[in-house]
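What follows is a set of notes on a single structure, which appears directly below.
Starting from 1, each residue takes its place in the sequence as its number.
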Amino acid sequence: MCSSDLEENFLRHACHLEPETPAWDYLKTQFLRSLVHEDQTADRPFRTQNRNTEECSERASPYFTGRFRNEPDTDWSLAANRVWAESIREKWMKKPSDAPIKIPLVFSGRDVFPGRRTVTLTDPSQRDPESGAPLVVALCAQAREKDLQDAVATAKADPDGWRGLTPAQRHDVMRKAAMEIRKARGDLIGAAAANTGKVFYESDPEVSEAIDFVEYYPLSVHALDELNGLKYRGRGVGMVLSPWNFPIAIPCCGIAASLAAGNTVIFKPASAAVLTAWVLCQCFWRAGIGKNTLQFLPCPGTTAGKILTTHPDVDYVILTGGTETGLEIQKARPDGLLAAETGGKNATIITAMSDRDQAIKNVVHSAFGHLGQKCSATSLLILEEEVYWDKKFKRQLVDAATSLPVGSPWDFLHKTGPLTHPPSGDLKRALTELDDGEEWVLKPEMKEDNPHLWTPGIKYGVRPGSRSHMTEFFGPVLSVLPAKDLAQAIEIANKTGYGLTSGLESLDEREQDYWQRHIKAGNL
């Protein structure tokens, strides 16, 4: 019996379809009617993206059209783009014989490298064949206290006159910055791989997001322009403190928002991601944003905390990083404006009313994408008892995590790369030890004698209130525990304090509504 009684459905006729019958002629007529003209069938693929040959030309700006469009990611299924990826690898995969890239400080309109202490930046996925240490890819100059003081004075004085430009004039420059980031997509991806170990397919969307920020924030300012009776201005001097785990999009967000609003910016990148930050800043400078307007000052966090976050001429701080860092900044200057995004112990709840196959796919991606090194990663998995004791679910969860290839970003087989830092403290304990009642259903293992490379780990039997329940590990460890129902699962999740992100896997709208009203997290 065919599956449909609808006249238009092919399946209604498929069981007894023969050429030269009324049913055959009917379906032929329907197919031809679906074409405007018979000669308009495509003779080439619809997907034609080619990163090797595309021209990053000026395009209609959302600032003037009022229509914002997201920047498309790279389509890695296309052969031409895979060739492009190989060219990035050829340029950015450093060899032991390569001279390190020299990264200067940029402040008060000048580049400074000689006479400053330097630190090495290494590739966590490559080892030096002689020393066995991570391969050095760059040398980075470190700012002194006087450099930071000079930078603040320059940012306050604004010798480039950035604050005096109209929003439309600032947008004209930022539009060019968006184009420069488009052109630098390959270099940003390569720098992120060489400096932090990110695989290409994880850093490519960061580039798209960075472009979106540079296009979107001027559009937001334009919306303020259209409000009658409203006067506004930038706050003055902004400081951007960015993390190493998203070294392209997150710093670009703080920089773009600040510049669009008419502020001058002091950018202190994460010490483990300076190379990527350097490539990003060059996009803004090439676009015409001056080196007095956007200043680039790598330095130890303690130095930045002592001088920049407490300086009376720094009008606000944008931080993405650890909770402890945010609290220290707030304590050091309670009257300062701090916009901070920090982490937390993020939980995903899976109820008996979920699509379990879909839930496993989503959880594995959230927990082990970026090797768990993201503020929003699922670190705690709370299962309704029916799911927790489901042997098939456990087996599928383990199989899915086991099948995730982990390794060097220079080998395109791998879906996620190395840890940026070798595990220590809470993460090292989580990877190597079990607490009372816990068992490994998937034990993490170090690969290739490289302390940066770890396979995913999943532990069952986690008890409420335990270290695995309450502690953010920031790595590839998933802690699983049961709950009798959704209400108890939410109670377990909320006991961790603050979670940046929380997830629910349920097809039941009543459960979705209850969860949204009771869960405590920044993003649901």
Side-chain angles (χ1 to χ4, degrees), residues 74 76 85-86 88-96 98 100-101 103 119-129 131-140 185-207 242-251 269-280 298 320-321 365 367-375 377 404-424 427-428 431 444-457 473-477:
T74 299
W76 299 110
E86 291 170 359
I88 298 172
R89 178 171 59 190
E90 178 66 25
K91 178 177 181 179
W92 283 97
M93 182 179 175
K94 302 304 179 184
K95 304 176 182 64
D98 292 337
I101 300 168
I103 303 175
V119 296
T120 58
L121 306 179
T122 60
D123 182 341
S125 67
Q126 291 200 81
R127 317 294 287 179
D128 187 296
S131 68
L135 187 66
V136 174
V137 297
L139 297 175
C140 172
R185 180 183 288 268
D187 286 336
L188 288 164
I189 291 171
N195 192 182
T196 68
K198 292 196 78 164
V199 296
F200 287 21
Y201 99 100
E202 287 179 340
S203 54
D204 178 73
E206 275 201 70
V207 181
S242 65
W244 48 262
N245 56 338
F246 287 90
I248 304 167
I250 290 180
S271 297
V274 176
L275 178 58
T276 316
W278 167 243
V279 175
L280 176 65
T320 303
H365 176 72
F368 303 120
H370 303 266
L371 211 60
Q373 300 173 107
K374 53 183 179 178
C375 300
L404 187 70
V406 178
S408 168
W410 308 117
D411 183 344
F412 297 153
L413 164 71
H414 298 133
K415 293 285 285 182
T416 190
L419 295 169
T420 302
H421 304 281
S424 61
L427 177 57
K428 185 174 183 179
L431 287 166
E445 302 287 348
M446 188 173 70
K447 293 182 62 177
E448 303 170 14
D449 292 324
N450 184 345
H452 294 265
L453 284 176
W454 286 79
T455 61
F473 297 134
F474 220 72
V477 181

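Between P124 and P134, every side-chain heavy-atom pair lies at or beyond the 4.5 Å cut-off. In this structure, the side chains of F474 and Q373 come closer than 4.5 Å at one or more pairs of heavy atoms. Counting heavy atoms from C-beta outward, V406 and P456 have side chains that approach closer than 4.5 Å. Side-chain contact between P96 and L135: present, with at least one pair of heavy atoms (C-beta onward) separated by less than 4.5 Å.
Between the OH atom in Y201 and the NE2 atom in H414 there is a gap of 12.5 Å [rounded to 0.5 Å]. Atom-to-atom distance recorded for L121:CG and N195:CG is 5.0 Å, nearest 0.5 angstrom. From H452, atom NE2 reaches atom OG of S408 across 12.0 Å, with rounding to the nearest 0.5 Å. Considering CD1 of I103 and CG of L275, their distance stands at 4.5 Å, rounded to 0.5 Å. Atom-to-atom distance recorded for K94:NZ and T122:OG1 is 14.0 Å, nearest 0.5 angstrom. With rounding to the nearest 0.5 Å, the separation of CG in L419 from CG in L453 is 8.0 Å.
Nearest heavy-atom pair across P418 and P409 is CD-CD, 4.0 Å. Among all heavy-atom pairs drawn from W92 and I101, the shortest one is CZ3-CD1, 4.0 Å. Nearest approach of T416 to L371, heavy atoms of both residues: OG1-N, 3.0 Å. Between A85 and F200, the shortest heavy-atom contact is O-CE2, 3.5 Å. Residues D449 and P451 approach most closely at O-CD, 3.6 Å, considering heavy atoms.
Here the side chain of T196 pairs no donor or acceptor atom with the backbone of T420 at under 3.5 angstrom. Formation of a donor-acceptor pair under 3.5 Å by the T276 side chain with backbone atoms of I248 is not found in this model.
Residues that satisfy the side chain to side chain donor-acceptor pair (under 3.5 Å) test with D123, not counting sequence neighbours, are S125, Q126, W410.
Judged as a salt bridge (charged side-chain N to carboxylate O under 4.0 Å, His left out), the pairs with a partner in residues 186-204 (not counting sequence neighbours) are, in order, K91-D187, R185-D204, K198-E206.
More than 12 heavy atoms of other residues, nucleotides or ligands sit less than 6.0 Å from atom NE2 of H421. Within 6.0 Å of NZ on K415 lie no more than 12 heavy atoms contributed by other residues, nucleotides or ligands.
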